[in-house]
Peer 1: 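Have a look at this one.
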Amino acid sequence: MKNTTEDTTEVRISKMQNLLDSGLNAYPDRYECTHTIGELKGLEEGITASMAGRVLSVRRFGKLMFVTIGNAINRGQISLKKNELEEDDFNLFMNSVDLGDFVGVYGQRYTTKKGEPTLGVKKWTFLSKSLRPLPDKYHGIKDSEARLKQRYLSTCTDSEVADIYIKRAKLKQVLRSFLEKHHFIEIDTPAIQIQKSGALARSFKTHHNALDIDAELRIAPETYLKRALVGGFERVYEIATCFRNEGMSLAHWPEFHMLEFYAAYWNFEDLINFTEIMLKHVIDTIVGNNKIIYQEQEIDFSGDWPRLSFRELLIEKADIDINAFPTIEGLRAEIINRNLLDAKTIANLGRGSLIDELYKKTARPSIINPTFLVGHPIELSPLARNNDNDASIVDRFQLVVNGWEVVNAYSELADPIEQRKRFEVQAAAVQSGDENALDIDEDFLLALEHGMPPAAGWGMGIERILALLTDSSNIKDTIMFPIHR
RNA sequence: GGGUCGUUAGCUCAGUCGGUAGAGCACCGGACUUUUAAUCCGUUGGUCGUGCGUUCGAUUCGCACACGACCCA
């Protein structure tokens, strides 16, 4: 009779009235659980237990009901038999409990004829009323908008969705314990900063009322973690929420989490070795295998991960040797001549950005298995230590997987005089309208001028690696509650 | 910002070569003590995204807009 959303809610409110009329509370205080739903299967036959959960499905047979109750992780079956309950109790459940309600049940563990571990309910109590229906039991939520806006509906009915967030928690825990084992300590650095720093990106701008000063949400924790190095901490890390006011894509989200760590007395070569050991451990712990399937493509993390320079990669993938075109004009002409990039989009790029653009278009998408990319142009890396043999590149690497930059790391620039020069180049770019560029960061320079040990630093996007490990096609799906209009 | 596709019952979707619409599930009522997408019987439920245009008549055709997904920048 009733079937619009509003009517469904009315029906459920009237059922709630049944409960109240029977002297039950529709939203009681607590329930004493001796076990979780997940423990039901492992219980010995005949053991009595109490547990609680959301009603996910009901199968009625007149004087018998099988009910599935569950949470994000587990579900289990309970049965209610008319002759084993007070008659009013049985009828009250039948007439008042809807899919989505929470109930607490006490009874005895037994196994049904079909072999399903089941709690035979002796007593039940009502724990919370759901006034709206759960998603379709078979199709789930197809509406992509609702799937994002009401993630709680997916996680309480779809264990594959819930599993992403369980793996997310596990991933952070594994990363933390690995780093702690290697004597890194976790530092909390400011998310609200006076001046953006640590990456080339657009920021979210805000205002600090108490100080009456404009501020920015951090785009990276880098320069503060380096201040900690200056302060005498030799190994530091942070899982930092970062904010970049830029486009959204399958691999980009404006609010994301980045693990960064810094080790004094290491260089980027040390980090390459450390990265391989750490990520192999992490992947094995989370996935249980060093080969994963991502969107039907195998990604192989076993074996030694190859190391390629920008130059080697571009010779291989685009058949162009950047060293044969030392000037920006020559390189640009060759790229346009070969029709590798659109002439308009590269008209104002410097040589480093041009090489980067070329790499992103022609080479990066085809890198599927983990690959260390080295030899980054200096102008893309204003905080990285310059290479001692080649002034045009820095001691930096990226780990590329599935065409995505997963890790970015480099030997840190400790020289405050060189750092100032790099900032000056950046500041000039800001003046000419580059919103990604950095201003001169006097506060950070002041720290460097007090002396920072040689060090190497490392960063990885949590959502990206998680998307790979959970076979999520879109980075959004790794975020439980992504912002929406 | 550009392109493609989409928007029909609470949910998942059909459909109407232009004559105001159907199924399954859910809901509601009934039968049922071994189901697990339970089954069976019977009801109920729709401004067909919004606006304008063409037409005797538009959910259907056209245009614009909104919202969403995907691709590209």
Side-chain angles (χ1 to χ4, degrees), chain A residues 1-16 18 37 40-41 53-70 74-85 87 90-91 93-101 107-121 129-150 153-154 156-159 202 246-252 295 341-349 353 357 360-361 365 403 436 472-477 482-485:
Chain A
M1 179 167 77
K2 303 282 193 172
N3 58 11
T4 65
T5 306
E6 291 72 22
D7 291 341
T8 299
T9 300
E10 273 176 39
V11 168
R12 286 178 174 233
I13 287 174
S14 80
K15 286 187 179 181
M16 184 160 72
N18 289 344
I37 297 166
L40 175 63
K41 285 189 176 72
R54 196 191 275 274
V55 173
L56 297 175
S57 72
V58 178
R59 298 171 291 284
R60 287 192 214 177
F61 299 87
K63 301 189 180 71
L64 163 73
M65 268 183 276
F66 288 109
V67 177
T68 303
I69 63 173
N74 293 110
R75 43 189 61 191
Q77 178 167 278
I78 63 172
S79 67
L80 292 92
K81 297 176 188 175
K82 198 159 189 170
N83 62 357
E84 292 181 5
L85 285 166
E87 188 169 329
F90 184 85
N91 291 337
F93 194 103
M94 188 119 93
N95 298 329
S96 308
V97 175
D98 287 302
L99 296 181
D101 292 352
Q108 193 167 30
R109 160 75 159 80
Y110 76 106
T111 304
T112 64
K113 288 177 186 170
K114 288 284 165 66
E116 181 76 21
T118 303
L119 192 77
V121 175
K129 190 70 192 167
S130 164
L131 297 180
R132 293 175 184 271
L134 286 176
D136 185 276
K137 67 179 171 188
Y138 182 53
H139 297 98
I141 311 178
K142 282 280 174 57
D143 178 6
S144 49
E145 198 183 343
R147 255 185 0 218
L148 295 180
K149 292 187 178 178
Q150 293 180 282
L153 291 178
S154 297
C156 73
T157 54
D158 186 340
S159 59
R202 280 182 74 178
E246 298 176 342
M248 293 138 93
S249 77
L250 293 183
H252 295 83
Q295 305 293 297
L341 292 174
D342 178 53
K344 239 188 289 175
T345 57
I346 64 170
N348 297 315
L349 296 181
S353 303
E357 200 61 32
K360 282 180 184 170
K361 269 285 172 311
N436 289 335
S472 301
S473 64
N474 193 324
I475 199 168
K476 234 188 296 187
D477 291 334
I483 191 171
H484 53 77
R485 241 192 284 269

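In what follows, chains are A, B, ... by sequence order, proteins preceding strands, each numbered from 1.
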Peer 1: Rounding to an integer number of angstrom, what distance separates G46(B) and U16(B) when you compare their C1' atoms?
Peer 2: 15 Å
Peer 1: Measure from the side-chain N and O atoms of T68(A) to the backbone N and O of L56(A), and report whether any donor-acceptor pair falls under 3.5 Å.
Peer 2: no
Peer 1: Between T118(A) and I141(A), which is nearer to the 5' end of RNA chain B once each is assigned its nearest nucleotide?
Peer 2: I141(A)
Peer 1: With respect to the phosphate group of A69(B), does any side-chain polar atom (N or O) of N474(A) fall under 4.0 Å of OP1 or OP2?
Peer 2: no
Peer 1: Taking side chain as C-beta onward, heavy atoms only, is F66(A) less than 4.5 Å from T112(A)?
Peer 2: yes
Peer 1: Is there a donor-acceptor contact under 3.5 Å from the side chain of N95(A) to the main chain of N91(A)?
Peer 2: yes
Peer 1: So which nucleotide from U34(B), C28(B), A26(B) ends up closest to the side chain of L64(A)?
Peer 2: U34(B)
Peer 1: Quick one: which protein N/O atoms are closer than 3.5 Å to N/O atoms of nucleotides 29-32 of chain B? Pair and distance per line, please.
Peer 2:
unit_1: C32(B); atom_1: N3; unit_2: G62(A); atom_2: N; d: 3.3

Peer 1: Identify which nucleotide among A26(B), C28(B), A38(B) has an atom closest to any side-chain atom of R59(A), counting heavy atoms from C-beta outward.
Peer 2: A38(B)
Peer 1: Check this one for me: any side-chain N or O of K81(A) less than 4.0 Å away from OP1 or OP2 of U34(B)?
Peer 2: no
Peer 1: Look at K15(A) and C28(B) and indicate whether a side-chain polar atom (N or O) is within less than 4.0 Å of OP1 or OP2.
Peer 2: yes
Peer 1: Does R12(A) use its side chain to pair, donor to acceptor, with the backbone of S130(A) at less than 3.5 Å?
Peer 2: yes
Peer 1: Could you tell me how far apart L134(A) (CG) and A37(B) (P) are, to the nearest whole angstrom?
Peer 2: 17 Å
Peer 1: Output the single nucleotide from A69(B), U34(B), G24(B) whose closest atom is nearest the side chain of K476(A).
Peer 2: A69(B)
Peer 1: Between the main-chain N or O of G100(A) and the side-chain N or O of R54(A), is there a donor-acceptor pair closer than 3.5 Å?
Peer 2: yes
Peer 1: Roughly how many Å is it from CG in L99(A) to P in G10(B), rounded to a whole number?
Peer 2: 18 Å
Peer 1: Compare all side-chain heavy atoms of I141(A) with those of Q150(A) and state whether any distance is below 4.5 angstrom.
Peer 2: no
Peer 1: So, R109(A) side chain and K41(A) main chain: donor-acceptor pair closer than 3.5 Å or not?
Peer 2: yes
Peer 1: E84(A) side chain to V121(A) main-chain N or O, any donor-acceptor pair under 3.5 Å?
Peer 2: no
Peer 1: Taking U43(B) as the reference, what is the distance to C25(B) when you measure between their P atoms (whole Å, please)?
Peer 2: 15 Å
Peer 1: Closest approach to the side chain of V11(A), judged atom by atom: which nucleotide of C25(B), C27(B), U34(B) is it?
Peer 2: C27(B)
Peer 1: Choosing from A69(B), U33(B), U36(B), which nucleotide comes nearest the side chain of N83(A)?
Peer 2: U33(B)
Peer 1: Reading 5' to 3' and counting Watson-Crick or G-U wobble pairs with both distances under 3.5 Å, write the dot-bracket notation for RNA chain B, | for bases paired outside the strand.
Peer 2: (((((((..((((.....[..))))..((((.......))))......(((((..]....)))))))))))).
Peer 1: May I ask you to decide if G120(A)'s main-chain N or O and T118(A)'s side chain share a donor-acceptor pair within less than 3.5 Å?
Peer 2: no
Peer 1: Does I13(A), at its CD1 atom, have more than 12 non-hydrogen atoms belonging to other residues, nucleotides or ligands within less than 6.0 Å?
Peer 2: yes
Peer 1: Rounded off to whole Å, could you give me the CZ-to-C1' distance for the R132(A) and C11(B) pair?
Peer 2: 14 Å
Peer 1: In whole angstrom, what separates L56(A)'s CG from A38(B)'s C1'?
Peer 2: 16 Å
Peer 1: So if I take every side-chain heavy atom of K361(A) and compare against A73(B), G24(B), U34(B), which nucleotide ends up nearest?
Peer 2: A73(B)
Peer 1: Once you round it to whole Å, what is the distance between P of A26(B) and CG of D101(A)?
Peer 2: 17 Å
Peer 1: Find the distance L250(A):CG to A69(B):P and express it as a whole number of Å.
Peer 2: 12 Å
Peer 1: Can you work out whether V67(A) or G247(A) has the more 5'-proximal nearest nucleotide on RNA chain B?
Peer 2: V67(A)
Peer 1: Rounded to whole Å, how long is the line connecting atom CD1 of I69(A) with atom P of U36(B)?
Peer 2: 19 Å
